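Whatever order the structure lists ligands and atoms in, that order sets their numbers, starting from 1. Just so it is clear, the model here is predicted, and its values are computed rather than measured.
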Amino acid sequence: MNRTRLTMVGTLVIGLTIGFAAAHFGGEAVPVVHSETADMSPVKALSDRDVYYPGTEDLAPDEIRVVALGTGQPSVRPKQAASCFLVELGNGDKFLFDIGSGSHERIAAQKIPYDYLNKVFISHLHVDHYGDLASFWLGGTVMNRLVPLRIWGPSGATPEMGTKHALQRMQEMYVWDIATRAGFVDFRGGELEVHEFPFDRVNEVIYDENGVVIRSIPAIHAQDGAVSFLLEWNGYKVVYGGDTYPNKWYIEYAKGADFAIHECFLPPTLLVKKQGFTPLEALRVGSQAHTSPEQFGKVMSMVKPRQAVGYHFYNDFDTEPESRERVRKTYDGPLSLAVDYMVWNITRDGIRVRMSVVDEEVWPSPALKKKIDVEPTDESPFSDFTLSGREPFPNVVGPIYEEINKLYGTDYKPGP
Ligand SMILES: [Zn+2]
Ligand SMILES: [Zn+2]
C-alpha cells in the first residue's frame, strides 16, 4: 500500500513537472521523463530538476544542447542580449551562431573554457549579430583561449560589404589593444582565422570537420549579404536562421529539421504600441525586413521541424501572448518563443526545454593550458614624458615581489 502510494505521488510530481515546464517556458515538444519515480526524502538532494545549471551536466555522445544567449532586438537590455545561440554536440564540438551585442557575458555564464569556443558563424554584419565579436576575441586572449578564433561569414554585394573586409577593419580598430595586450599575455588566441564565403551559395558546404557539416543558404534581409546556416551531425539537423524575409531556401533546406531556429519579430501592432514606430515603419520593418509571427508560423508549418524556435523580439509577459497567438494562426507544431538562457536538450527520444539558472558570481573560463610568460623587453613602451610621471613606491611594491618570489621560488624584480 505504501509502495503504491509513493508511486502515485511520484507520478504526480513528474506530471506536475512536465505541465509546469510546458506552461511556463512555452515548450510544446515531446517531454522527456527523466526518472521513473521521484526520490522522496526530507534530507536527500532531489534526483531531478527542472532547470539547467551551466557546467554541471554531461552531454551524452548522441545528444545536442542548444542554449539561447541572445534573443532580443538590436538595442540590448538586461533581460535580452542581441542574437547569439550556442550549439554543443556530444562529440565535444561547440559552435556559436551569431555573437550579437551583449552576448559575451552570457557566453561566459556557460562556464565553458574559451579554448572550446573558437568557432563563430555570423549570419550578417548587423551589429546585433556580431557586435560582441571584438570583446569575445580580445577578451578571450586574456581568458586563456590559446588557439586562433575561427570565424565564418558571408560576402556582400561588393568586397567592402563582406565579412573579410569588416574583420580586417576590426583588427585595425583595435591596433592599440593588440599591441599593448600582446606585450603582456600569451597572445596565441589573438590570431583571427576568417573564412568568407559567397552569400549566394545555396546549401553548399562551408564547414566539414570531425563529422560535422555546416551549410549556408541565402537570406533576404536589408541587402545582399545575409545568410542562414544548417548544421548536420550524427543524423541530426539544426538550423540557425539569421534575419530574413520568409524565403524559399529556408523552407526547402530546413525541411524536417530536428531543431529550426528562425526570427519571429514583434508584430507591427506592438512595434507601434510599445516602440513608437509609425504604422508604415512598423509594417516595413515587422513584415518586410523581418518576419512577423504569422509569417514565421507559415514558414514552420512548411518546414515541420521537431522543434520550432522563434526569437528576435522583446519577449515579455505582455508581448509573448500576442506573438504566440499570431504564430498559432499559421502553425500548430512544437514551439518555443525564446528568451535568453532558454536551453534545449535534443535526443532521439525527445527535446527537453528548460531555463538555465545563471551564476551571477561566475568567472569566465578556467585555464585549460599552461600559459607562456611573455618575456619583458628592455625597451620601454612609454615616452620619457609618461615615464616622468611614475611613482614607483619601492617600499610598497618590493614586498609584493618578495611575496611572489617566496611562494613560487622565483627571483623577479620590479622595473626601474
Ligand atoms: Zn539584421
Ligand atoms: Zn537582427
K.L.:
Taking side-chain contact (heavy atoms from CB on, under 4.5 Å) as the criterion, tell me which of V309, T319, N315 meets it with L337.
P.N.:
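Exactly one option meets the side-chain contact (heavy atoms from CB on, under 4.5 Å) with L337, and it is N315.
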K.L.:
What's the verdict on ring pair (Phe, Tyr, Trp, His ring centres under 6.0 Å) for F95 and Y207, showing C-alpha distance, side-chain angles and the deciding distance?
P.N.:
CA-CA 11 Å; F95 301 89; Y207 176 95; 5.5 Å; yes
K.L.:
Per the side-chain hydrogen bond (donor to acceptor under 3.5 Å, both in side chains) rule, which among E63, E88, R352 passes with N345?
P.N.:
E63
K.L.:
Would you say S287 and Q295 are linked by a side-chain donor-acceptor pair, where the criterion is simply a distance under 3.5 Å?
P.N.:
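No, S287 and Q295 have no side-chain donor paired with an acceptor closer than 3.5 Å.
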K.L.:
With 2.8 Å as the limit, jot down which protein N, O or S atoms are around the Zn ion (ligand 2).
P.N.:
D128 OD2, H129 NE2, D243 OD2, H312 NE2
K.L.:
Without hydrogens or angle criteria, can the side chains of T71 and Q80 be said to hold a donor-acceptor pair below 3.5 Å?
P.N.:
yes
K.L.:
Does the plane of the ring in H195 sit parallel, tilted or perpendicular to the ring in W152? Use 30° and 60° as the thresholds.
P.N.:
parallel
